[in-house]
4 protein chains.
Amino acid sequence: MSAEAVVLGASGFTGGELGRILSRHPNFDVATVGAATQAGRRWRDVQPHLGAAGNLELLPLDDALATDAELCFSCLPSGSLRGSIETARARIVVDLSDDFRHVDAADGWVYGLTEFARPDLKESTRISNPGCYPTAALLCLVPFARRGAIEGPVVIDAMSGVSGAGRRVDDRLMFAGLDGNATAYGTTDHRHVPEIERGLTRFGGLQTTVSFTPHLVPMTRGLLVTARAPLKTSLNDQEAHAILDDAYRFEPFVRVIHEWPSTKPLTASNGAHVSARVDHRNGFVVCSAAIDNLGKGAAGQAVQNANAAFGLDETAGLEVIGAWP
Amino acid sequence: MSAEAVVLGASGFTGGELGRILSRHPNFDVATVGAATQAGRRWRDVQPHLGAAGNLELLPLDDALATDAELCFSCLPSGSLRGSIETARARIVVDLSDDFRHVDAADGWVYGLTEFARPDLKESTRISNPGCYPTAALLCLVPFARRGAIEGPVVIDAMSGVSGAGRRVDDRLMFAGLDGNATAYGTTDHRHVPEIERGLTRFGGLQTTVSFTPHLVPMTRGLLVTARAPLKTSLNDQEAHAILDDAYRFEPFVRVIHEWPSTKPLTASNGAHVSARVDHRNGFVVCSAAIDNLGKGAAGQAVQNANAAFGLDETAGLEVIGAWP
Amino acid sequence: MSAEAVVLGASGFTGGELGRILSRHPNFDVATVGAATQAGRRWRDVQPHLGAAGNLELLPLDDALATDAELCFSCLPSGSLRGSIETARARIVVDLSDDFRHVDAADGWVYGLTEFARPDLKESTRISNPGCYPTAALLCLVPFARRGAIEGPVVIDAMSGVSGAGRRVDDRLMFAGLDGNATAYGTTDHRHVPEIERGLTRFGGLQTTVSFTPHLVPMTRGLLVTARAPLKTSLNDQEAHAILDDAYRFEPFVRVIHEWPSTKPLTASNGAHVSARVDHRNGFVVCSAAIDNLGKGAAGQAVQNANAAFGLDETAGLEVIGAWP
Amino acid sequence: MSAEAVVLGASGFTGGELGRILSRHPNFDVATVGAATQAGRRWRDVQPHLGAAGNLELLPLDDALATDAELCFSCLPSGSLRGSIETARARIVVDLSDDFRHVDAADGWVYGLTEFARPDLKESTRISNPGCYPTAALLCLVPFARRGAIEGPVVIDAMSGVSGAGRRVDDRLMFAGLDGNATAYGTTDHRHVPEIERGLTRFGGLQTTVSFTPHLVPMTRGLLVTARAPLKTSLNDQEAHAILDDAYRFEPFVRVIHEWPSTKPLTASNGAHVSARVDHRNGFVVCSAAIDNLGKGAAGQAVQNANAAFGLDETAGLEVIGAWP
């Protein structure tokens, strides 16, 4: 089968990554690209890697929404699509903002953490793609929650490559200021907190609170989560590893490893690495997950979800092996 | 006054930073440098920044220990000095390894977290310089412990510039592998854990356990700690800030700020930035500290301690303003 | 068609990149991997990105050479294969060292700068893959040499990501020393100089000398060449651009652009970007080329050459769109 | 002696570096800071490293120019000071833009490449601080020009840390785009070309043309120049080194070294490293210089020039040892 796709918000980093992934996808073709402020320019003029594949002109968003493409990826900022989604003509929409992440399946939107949402994805036409931090946090925590092995409050630290902040021209994101720099950011009420808590409940049956601190570090791609959850049952390192292994043994993109995950081997892939250990002195399971924030944390998972919705092999067009070093 | 100093382990990163700091110190002169495997070379051949100040020849360690210098800084790896400290002729020794950090003051060693150890430092002749992670962790936690505001277990995440791993030629520390990479490392029993726990007891009167996860991120200098401690008493953001402010208002090197600390403004200085907020949903104080791991985390604090031991102004030869950007 | 491949020197960066590329190649399968010091380990233990694709055991080199694979890629250091090439049983060998780059076609080796070597590659069984610096330098200079538009001496500056230095554990290549650092390196007789001069003669008919200065800069991948050649004929910017455009208009991997090439859009691809301008005040054409040193500068071009030798589409298994940002 | 100083353009990177240097200067005190768009804010709010030293309010430029400070440093963009310099009340003005670099000494401005301008600096009240690229280029070329050893055209490549581009919020200078990237930039008529050519004539008596290509590489500080000049007289490596050595033997900030200079050992200092070799095959001297673009390339040299103009020791308040690693 073959489907035409439209990419909204195609001038940002996630839009560029979708362009790269879809250029080699066997079933989807980018037929239309839309952008807000960059409309009128060629796609490749704002995405220097796309070359000949970026010959399309960036259309105004309304024009792009109105095309006949069967599949729509929206990389627009949160709040943008909410008002215009009704006018989208695409049969299947994958939205990468957090506009619809809290919406109940009853409203027609599926929260697309692929590994846990498969039954719903197969019939879905409206998919809300998870945030990058929640994706990594849930991948390493949900298997323990499902077993009833943990409770809260869960303390999560995370660090993300700066491409996760989007393609904003912002003093804090300049090379000179970020190079050689590390800092926590955000308040204790980061917008990803409720998304993580909802995910723990939805997929793990665990109702608890999360204390989440994201950090900015000098790298472009890659996202790392380190989580500590109080143990409800006694576990050792082998049992903790086995719980993850049971959850992901047959997953094409999630790999359970023994050492701590590191972000670099996942660069430009849709892969995720997870691992866990037990901190006996404090009664915590310490688990960690690494992804590429633009891959499994955004564009990669969006394509994985679209594959599932179209009934394709989930791995179509996606890499599990990253670019290293 | 003027004193001659010997630097042991002068070929490493901390030894190089001591060379830079002491080159502008008004009272201390480096008269002798010692090294293990690099003995026989000029200091500047292994420290490219020292230039003419690095004309000294690196002596074998025994020869360096036997000189008449009144002050000795040891940057040797843990375990090295323990056997030979008896033969040191220097009146005042500052050891930067963790060999003597657990030793009781009764045995003649003072644990030199300067801001909290002043009464002991004035009379001391043997100073054990704190580790980089414990320095940052204790600076942001001790004021809350002293007030009886927190209990445990305390969850601490930290990230350090790679110079903190020393000047080892190690596959994991190569540029190609670390650039664009982030990872947790170590076990749940990192050697800094007992040092932090002891410091909380010694300076804050708090007996508890710590769950500590260090991370390696792609930067050379800079160390950031983010700590979450359960609150015993109700606090709001202003009160949390005030507790830090009370503790450090008159300190020359520790600055309490409102935003989250970032490492870069402290580069090549002996400064520290700390701040705190309250996570009401989880009942935690979230506090953070940034230092230069080679500054307040190693060579800077060593000089600050030597200044105190000699009765000098603590700021002699030290910077509070970092190199930015 | 389908062919089994053996990769020698599979534990290095180029070997890892070949693993990544070949994992998605429709016609070649890695059946055997060989290594010198790392023999006995699993491939994935030294290549953290390969995951399940890296399940093979690294064989001793002699054992690997003796397998039945039809295609052999050798990423061994220069000098390693020279003595044992006679024992290679593979029908087609692509050697990435500089052992056979100077050898005449009469001796059975083809110098595989693919875009200029196609007639020879189709019948070849022994291919010497060009160096990373010569690849970029020749791509931007040969079209001008062919037209008789330039003479010498040609002044070439270049900078390379540190992965070009191989996976050596070397004090100069540690993160702490390279981060924030830039330096020229090598003598004025870099081993790539004769390779560039020979290439200008072989492909461009220009017999001249080259003054070449490579630089090390703090990045992992990417190679940039800036060359200045005295003009023999009068050219303006448009004519200079047209000469490149004529040379590469139908090439899948070489793109002529108007702005100066930058390395990042080519990351993890086999692409090359070239451009040129005229410096009228000095009578030079100034031309520049960017590649990924592990892509078109090593593993990518090796696969492109193998594709050509097997009569496959040259683009099989290769990307022209890089990972950006 | 003690003098009050005003810093114009104090919100940029060079203004921040002046703040750091002057905070430890024994004779100059920053009494006033001025800024264009940032006027009204505290200095430390835009310079996170300055801390308590940055308590001053940023005044509008006209107000700052009208203060009684005896010494004025202007870090304003080119073109800004030209119209208002007449109203400056400071006895001594050091301008860091290129507004007055081409002006003849007869007009009252001295071109302050300190090592070669000393006779003029002692009596000067208007000093035009050299550009960062010309400073490095002239330091390694002028000694050869003075000896009549070289002619043109001189081919110069250079790379600069991104802080040299100023504190502009610009898409090309974002971390995500610059990290892992290298590119040439500018036209063949970079504004620094005439400045270098004038400097070669003024200080070296050489009238020739320069072909100059600057590059942007992923680092924050540091500037490296590699120059090739045709030899007029026969030289070997030792003689080339001796020519530099003769020129700089007694200079406090310029160090002649045998290996190629690298930028990192000079970070946050006013030092410069230079070296030279002979490329016999092409008849070139190849010389290279490294500086910190914000140090000897901007703020450091400005203070060195002010020291000279006030009759102070040139090294007052300046470092020759950089922060490494």
Side-chain angles (χ1 to χ4, degrees), chain C residues 152-161 172 174-189 193 208-213 215-224 226 228 230 237 259-265 267 275 277-284 286 288 290 324-325, chain D residues 152-161 172 174-189 193 208-213 215-224 226 228 230 237 259-265 267 275 277-284 286 288 290 324-325:
Chain C
V154 182
V155 177
I156 303 178
D157 280 79
M159 54 190 84
S160 173
R172 290 175 49 119
M174 305 305 291
F175 188 91
L178 246 181
D179 176 43
N181 206 358
T183 184
Y185 70 93
T187 64
T188 55
D189 299 319
V193 168
T208 188
T209 54
V210 160
S211 180
F212 175 68
T213 311
H215 298 79
L216 202 54
V217 296
M219 59 188 201
T220 297
R221 285 174 177 242
L223 186 148
L224 187 77
T226 305
R228 265 93 3 158
D237 283 1
E259 60 274 30
W260 289 122
S262 60
T263 58
K264 189 162 188 163
T267 304
S275 75
R277 297 186 193 177
V278 173
D279 175 354
H280 291 287
R281 297 175 68 248
N282 296 289
F284 292 149
V286 186
S288 178
W324 184 92
Chain D
V154 182
V155 176
I156 303 178
D157 280 79
M159 54 189 83
S160 174
R172 291 176 49 119
M174 304 305 291
F175 187 92
L178 246 180
D179 176 44
N181 205 357
T183 183
Y185 70 94
T187 64
T188 56
D189 300 320
V193 168
T208 188
T209 54
V210 160
S211 181
F212 175 69
T213 310
H215 298 78
L216 203 54
V217 295
M219 60 187 199
T220 297
R221 287 174 176 240
L223 186 148
L224 187 76
T226 305
R228 265 91 5 155
D237 282 2
E259 59 274 32
W260 289 122
S262 61
T263 58
K264 189 162 189 165
T267 304
S275 74
R277 298 187 193 177
V278 173
D279 175 353
H280 291 287
R281 297 176 68 249
N282 295 288
F284 292 148
V286 185
S288 178
W324 184 90

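Each chain gets a letter, A, B and so on, in the order its sequence line appears, and its residues count up from 1.
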Would a distance-only check, ignoring hydrogens and angles, find a side-chain to backbone donor-acceptor pair under 3.5 Å from C:Lys264 to D:Thr183?
no
Per-residue contact mode, C:Arg277 against chain D (heavy atom under 4.5 angstrom):
side chain
Which atoms form the tightest heavy-atom contact between D:Pro153 and C:Phe284, and what is the distance?
CG-CZ, 3.8 Å
Please classify the contact of C:Ala182 with chain D as side chain, backbone, both or neither, using a heavy-atom distance under 4.5 Å.
both
Heavy-atom closest pair (C:Pro325 atom, D:Ala176 atom, distance to 0.1 Å) is CB-O, 3.4 Å
Looking at D:Asp157, D:Val155, D:Leu216, D:Leu224, which one has more heavy-atom pairs under 4.5 Å with chain C than the rest?
D:Asp157
Check against side-chain contact (heavy atoms from CB on, under 4.5 Å), C:Asp179 and D:Met219
CA-CA 8 Å; C:Asp179 176 43; D:Met219 60 187 199; over 6 Å; no
Can any side-chain N or O of D:Asn181 pair as donor or acceptor with the backbone N or O of C:Thr263 at less than 3.5 Å?
yes
Atom of C:Ser211, atom of D:Asp279 and distance for their closest heavy-atom approach
OG-OD2, 2.7 Å
Bottom line for C:Pro261: the part with an atom under 4.5 Å from chain D's heavy atoms is backbone
Between C:His215 and chain D, which part of the residue has a heavy atom less than 4.5 Å away: side chain, backbone, both or neither?
side chain
Output the option from D:Val278, D:Thr226, D:Val217 having the highest count of non-hydrogen pairs under 4.5 Å with chain C.
D:Thr226
So, do D:Thr213 and C:Val286 sit near enough that their side-chain heavy atoms are less than 4.5 Å apart?
yes
What's the separation between atom CZ in D:Arg228 and atom CZ in C:Phe212, rounded to the nearest 0.5 Å?
10.5 Å
When the 4.5 angstrom heavy-atom criterion is applied to D:Ala290 and chain C, the contacting part is neither
Criterion side chain to side chain contact (heavy atoms under 4.5 Å, CB included) against D:Asn282, the qualifying member of C:Thr208, C:Val210, C:Thr209, C:Val193:
C:Thr209
If we define contacts as heavy-atom pairs under 4.5 Å, which of D:Gly222, D:Gly161, D:Gly177, D:Ser275 has the most with chain C?
D:Gly177
